[in-house]
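Reviewing the structure listed below.
Residue numbers begin at 1 in each chain, while the letters A, B, ... track the order of the sequences. Keep in mind that what you see is a predicted model, and the values were worked out from it rather than measured.
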Protein chains: 2
Amino acid sequence: MSASDESLQLTATDLRMAAFRLARRLRSARAVDAMSDAQLAVLATLRMHGRRTITALAERERVTAPSMTNMINGLEEQGFVVRTPDAEDRRRVQVDITDAGTEIVMQTIRRRDELLAAMLSELDFTEKELATLREASALMRKVVDP
Amino acid sequence: MSASDESLQLTATDLRMAAFRLARRLRSARAVDAMSDAQLAVLATLRMHGRRTITALAERERVTAPSMTNMINGLEEQGFVVRTPDAEDRRRVQVDITDAGTEIVMQTIRRRDELLAAMLSELDFTEKELATLREASALMRKVVDP
DNA sequence: TATTGTTATACTCTATAACTATA
DNA sequence: TATAGTTATAGAGTATAACAATA
């Protein structure tokens with residue numbers, strides 16, 4: 001049996017507030033202060049899914065092509081990505097993450113996880129409460145990527 | 001007995017990924033397209049906690065005072081907040097949300113909750129799974145505001 | 001002197017419009 | 001003609017530095 005509309009609405013409200021506040025708090029933890037969220041999101045995509053064209057990156061990040069060109073310019077100047085002309089279709093430019101870019105992403109993830117682990121630790125959660133958080137995390141990911 | 005370091009780290013990683021992705025997905029639902037996240041966050045704070053000075057808002061939003069001055073200028077031009085000089089300390093300026101500002105916040109919250117409720121509904125979660133999400137939400141809020 | 005807020009200035013991220021090169 | 005990317009330009013949000021008014 002599926003859930004009632006009332007349960008759905010109550011859960012949605014609780015979860016929306018909690019996810020927003022937590023994400024916002026964690027976002028302040030970065031590997032490099034000069035690295036923006038937008039740049040990190042592009043690097044994280046490239047690290048997970050490999051080389052992508054400007055257009056593909058723009059679609060994924062939901063920004064326009066000129067915005068992505070601009071962002072890739074910044075990342076390239078910092079040495080975190082490289083552009084490679086596409087041999088098959090010479091209109092295209094493939095963007096690859098560099099070792100330095102990969103390192104920055106990993107450092108940032110590590111910092112955020114350490115920050116969150118420290119926050120969890122201070123509250124003396126029980127194993128059962130942590131298990132609830134992990135179960136909920138899995139459910140939340142199903143919501144975003146069904 | 002409090003939880004093990006390993007549980008803390010695993011939970012932190014799961015929760016960090018889930019919260020970021022969900023918040024990102026929900027952020028795209030706004031009441032007004034011209035309203036930025038930064039502006040909405042200020043309005044939501046004023047709605048929940050009442051009048052605040054520029055400095056207090058800057059600290060809460062973790063931006064500098066000039067940035068907050070700039071943002072309040074934009075919100076005031078749109079009619080969503082008003083500045084009132086503080087009678088007791090004339091260096092201060094109190095910022096209040098207007099009815100129009102309150103309406104915008106409520107509309108946005110409603111939209112986001114409807115979007116999330118629809119997403120939850122499509123997955124046919126059980127009442128037990130929804131309860132897990134609500135319990136986790138309460139724990140997440142304790143993490144952010146201990 | 002310290003605090004509150006503003007102004008001046010600069011950089012990033014974002015957009016739209018117009019352009020070049022290629023398919 | 002259509003597509004991939006860039007350049008030009010403009011607006012919002014952010015920062016630092018310097019300032020005025022007040023405590």
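- In this structure, of D:dT6, D:dT22, D:dT16, it is D:dT22 that holds the atom nearest to the side chain of B:Arg90.
- For A:Gln39 and A:Pro66, each mapped to the nucleotide of DNA chain C holding its nearest heavy atom, the one lying further toward the 5' end belongs to A:Gln39.
- Taking every heavy atom of both residues into account, B:Ala12 and A:Asp113 meet most closely at CB-O, 3.6 Å.
- Atoms CG (A:Leu57) and C1' (D:dA4) sit 13 Å apart, rounded to a whole Å.
- Atom-to-atom, CE of A:Met68 to C1' of D:dT6 comes out at 14 Å; the value is rounded to the nearest Å.
- Shown here for B:Gln39 and B:Gly74, the closest heavy-atom pair between the two residues is NE2-C, 4.3 Å.
- Of all nucleotides listed (D:dG5, D:dG13, D:dT14), D:dT14 comes nearest to the side chain of B:Asn70.
- Listed nucleotides D:dT14, D:dA23, C:dA8 differ in distance to B:Ala38; the shortest reach to its side chain belongs to D:dT14.
- With rounding to whole Å, B:Leu40 atom CG is found 14 Å from D:dG13 atom C1'.
- Candidate nucleotides C:dT3, D:dT6, D:dT14 were compared by shortest atom distance to the side chain of B:Arg91, and C:dT3 ranks first.
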- Message: Is there a side chain to side chain donor-acceptor pair (under 3.5 Å) between B:Glu127 and A:Ser7? Walk through the geometry before answering.
- Response: CA-CA 7 Å; B:Glu127 290 288 354; A:Ser7 283; 2.7 Å; yes
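- Between B:Glu59 atom CD and C:dG5 atom C1' the separation is 13 Å, expressed in whole Å.
- In this structure, the CZ atom of B:Arg92 is 8 Å from the C1' atom of C:dT4, given to the nearest Å.
- Closest-nucleotide positions on DNA chain D for B:Asp37 and B:Asp89 were compared, and the one nearer the 5' end corresponds to B:Asp37.
- Contact annotation: B:Arg52 side-chain N/O to C:dT4 OP1/OP2 distance is not under 4.0 Å.
- Under 4.0 angstrom from either OP1 or OP2 of D:dG13 there lies no side-chain N or O belonging to B:Ser67.
- A close approach under 4.0 Å does occur between a side-chain nitrogen or oxygen of B:Thr69 and OP1 or OP2 of C:dT6.
- In this structure, CD1 of A:Ile54 is placed 14 Å from P of C:dC13, rounded to the nearest angstrom.
- Between the CD atom of A:Glu77 and the P atom of C:dT12 there is a distance of 8 Å, given to the nearest Å.
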- Task: Go through the steps to decide whether A:Thr53 and A:Arg92 satisfy the test side chain to side chain donor-acceptor pair (under 3.5 Å), and finish with yes or no.
- Result: CA-CA 7 Å; A:Thr53 63; A:Arg92 287 188 174 153; 5.5 Å; no
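- Within the structure, a side-chain polar atom (N or O) of B:Thr55 is placed less than 4.0 Å from OP1 or OP2 of C:dG5.
- Shown are B:Val42, B:Thr102, B:Thr45, B:Val82; of these, the side chain to side chain contact (heavy atoms under 4.5 Å, CB included) with B:Ile97 is made only by B:Thr102.
- Between A:Arg62 and C:dC13, a side-chain N or O to OP1/OP2 separation shorter than 4.0 Å is absent.
- The heavy-atom pair separating B:Gly101 from B:Leu43 by the smallest distance is O-CD1, 4.2 Å.
- Remark: A:Thr64 is in phosphate contact with C:dA15, judged by side-chain N or O atoms under 4.0 Å from OP1 or OP2.
- As a whole-Å value, the separation of A:Gln78 CD from C:dT12 C1' is 11 Å.
- Comparing D:dA15, C:dC13, D:dG5 against the side chain of B:Val63 picks out D:dA15 as the nearest.
- Annotation: of the two residues near DNA chain C, A:Gly74 and B:Val93, the 5′-most nearest-nucleotide partner is B:Val93.
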